[in-house]
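Throughout, protein chains are lettered first and strands after them, A, B, ... in sequence-line order, and every chain is numbered starting at 1.
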Protein chains: 2
Amino acid sequence: MIKIVLIGSGNVATHLYNAFSGASDVEIIQVFARTQSSAIPLAVQISNWQYLKEADLYIISVSDDAIAEVASKISFKNKLIVHTSGTTSIDVLPFERKGVFYPLQTFSKEKQIDFSVVPICIETNQKEDENILQKIASLLTPKVYLISSEQRKALHVAAVFVCNFTNHLYQIGAAICEDNAIPFEIVKPLITETADKIQNLAPKDAQTGPAFRGDEKTIQAHLEFLTNSEYKTLYQFMTQSIQHHVKKL
Amino acid sequence: MIKIVLIGSGNVATHLYNAFSGASDVEIIQVFARTQSSAIPLAVQISNWQYLKEADLYIISVSDDAIAEVASKISFKNKLIVHTSGTTSIDVLPFERKGVFYPLQTFSKEKQIDFSVVPICIETNQKEDENILQKIASLLTPKVYLISSEQRKALHVAAVFVCNFTNHLYQIGAAICEDNAIPFEIVKPLITETADKIQNLAPKDAQTGPAFRGDEKTIQAHLEFLTNSEYKTLYQFMTQSIQHHVKKL
């Protein structure tokens, strides 16, 4: 049984807690959380470092800026200590046995996650620790990838484009619907299909629409329709960007 | 049995042909296509207007600019004639019995579509024709909506944001992965989950990431990482736009 202490109680920590709670061969023996979290049983929560238990693995799942400080609180020797950040280098951890355990997913407290489809990107500086993280990650998902700190940085940027920026486009779509008394429900199957298409087609082969077709009349009609200057600027920028990419094909 | 003539052989026409071929109570008796389409049986294809058959319903599924000209070729009297365009007004059709039959989906020839989840937006100028289109659309999908020409224009703009622009973000994400020797596969579950989340959460409640958190350090690190000026400009614009929306919450 691998004993884990989880540090943090944000979205990622909470979802990891739930995922590990259902896994065999590992036990979360403690969760350090500055404040009580309703999503984690009181019995395992502590908020004072002096009660930190000895474990095989410490998973630090806190905001990027706090990782180094939190790491400095762990005084047990020769333990594997990892963080879960997409943007932070492995080297922020001042230990010999260190690693990264980065689940690439968008976590909201309100939405349950099926961890078996979540990719986990791992990095270590010792081969034996790589084996340990590989084993632990495999308890949650078959999608385990060895990703360096440099690659992880790129991956996080890509994730911002395909997730956060995409969700913002959904939000703009919802606002346009609302302004015109159209139920957003009508657009949801289109959103699903757009995401589904690129599971098997490359995005460049999945593209459709007026920018892709070079349908200037429709583009002009859309620009005239858009009165919100932010949406209009974004429409123009994205249209030009799509057309640059089409030329390169 | 309602007899339908389909005019066009593009993505929408082809998918409609396939959907109607599996439906009861309707028959596509003919498809007018300027050139032969391998996706549609030769037996029903014509490319000369003089062979156009008499039918109950003519569905014009051609490029927006060609709708008016194509409509002028139909000389049968008192028939219901509809187009499938998201952007074109019902009034482009010079008939008393006219309508719009707009399936809101992204159609690519390479990707099969389950029409039962595709919303169809209908519009007519006579109540009896509304009933006919409602009945025909219901053969393909339970998601049938009465949408005016003005609303349809807004819906099409919203669709460009959530589909075409979103797919472009996928393409940028894929390019960033490729440039850093990361398999795009790693990002696909995130894309699926991002689309899945807004089926039950409003997009504003589903947002995550550095822009939403106001994590300026990560934003700066990402901007430094991005060397492609187009991606960098888009990153800045989207980040600011997300932050404007957060302020309004």
Task: Proximity breakdown for B/Val160 and chain A, heavy-atom pairs closer than 4.5 Å - done: side chain
TODO: Could you grab the distance from atom OG1 of A/Thr192 to atom CD of B/Gln105, nearest 0.5 Å is fine?
DONE: 8.5 Å
Task: Exercise: identify the closest heavy-atom pair between B/Phe107 and A/Lys197 - done: C-NZ, 4.1 Å
- [ ] May I ask you to test the A/Ile191-B/Ile198 pair for a side-chain heavy-atom distance under 4.5 Å?
- [x] yes
TODO: Please flag which part of A/Thr239 lies under 4.5 Å from any non-hydrogen atom of chain B: side chain, backbone, both or neither.
DONE: both
Open item on the list: With heavy-atom distances below 4.5 Å as the criterion, would you say the side chains of B/Phe212 and A/His168 are in contact?
Closed with: no
TODO: Taking atom types as modelled, find out whether A/Glu230 and B/His244 have a side-chain donor-acceptor pair closer than 3.5 angstrom.
DONE: yes
- [ ] Kindly compute the distance separating CD1 (A/Ile186) from SG (B/Cys121), expressed to the nearest 0.5 Å.
- [x] 5.0 Å
Task: Interface moiety of A/Leu201 toward chain B, non-hydrogen atoms closer than 4.5 Å - done: side chain
Open item on the list: Please report the interatomic distance CD(B/Gln171) to CD(A/Gln207), rounded to the nearest 0.5 Å.
Closed with: 6.5 Å
Task: Distance-minimising heavy-atom pair for B/Pro189 and A/Val117 - done: CB-O, 3.1 Å
Task: Segment of B/Ile172 engaging chain A (4.5 angstrom heavy-atom cut-off) - done: side chain
- [ ] Search all heavy atoms of A/Leu190 against all heavy atoms of B/Ala159 and return the closest pair with its distance.
- [x] CD2-CB, 3.4 Å
Task: Interface residue of largest heavy-atom contact number with chain A, from B/Gly209, B/Ala202, B/Ser63, B/Ala211, under 4.5 Å - done: B/Gly209
TODO: To the nearest 0.5 Å, tell me how far B/Thr218 OG1 sits from A/His156 NE2.
DONE: 6.5 Å
Open item on the list: Just verifying a value: how many Å separate A/Asp64 CG and B/Lys217 NZ, rounded to the nearest 0.5 Å?
Closed with: 7.5 Å
Task: Under 4.5 Å from a heavy atom of chain A, the part of B/Leu155 involved - done: both
- [ ] Give a yes or no on whether the ring-centroid distance for B/Phe165 and A/Tyr235 is below 6.0 angstrom.
- [x] yes
Open item on the list: Going by side-chain contact (heavy atoms from CB on, under 4.5 Å), B/Met238 matches just one of A/Leu169, A/Thr166, A/Asn164. Which one?
Closed with: A/Leu169
- [ ] Look at atom CD of A/Gln236 and say whether more than 12 heavy atoms of other residues, nucleotides or ligands are closer to it than 6.0 Å.
- [x] yes
Open item on the list: Looking at A/Lys153, I'd like to know if its NZ atom is crowded, meaning that more than 12 non-hydrogen atoms belonging to other residues, nucleotides or ligands lie closer than 6.0 Å.
Closed with: no
Open item on the list: In the structure I gave you, are the side-chain heavy atoms of A/Tyr231 and B/Val157 within less than 4.5 Å of one another anywhere?
Closed with: no
- [ ] Answer with side chain, backbone, both or neither: which region of B/Ala206 has an atom nearer than 4.5 Å to a non-hydrogen atom of chain A?
- [x] both
Task: Segment of B/Tyr170 engaging chain A (4.5 angstrom heavy-atom cut-off) - done: both
Open item on the list: More than 12 heavy atoms of other residues, nucleotides or ligands under 6.0 Å from CD of A/Glu150: yes or no?
Closed with: no
Open item on the list: Distance alone, cut at 3.5 Å: any donor-acceptor contact between the side chains of B/Thr208 and A/Thr106?
Closed with: yes
Task: Residues of residues 173-184 of chain A with any heavy atom under 4.5 Å of a heavy atom in chain B - done: A/Gly173, A/Ala174, A/Ile176, A/Cys177, A/Asn180, A/Ala181, A/Ile182, A/Pro183, A/Phe184
- [ ] Look up atom NZ in B/Lys188 and atom CG in A/Asp196, then write down how far apart they are to the nearest 0.5 Å.
- [x] 10.5 Å
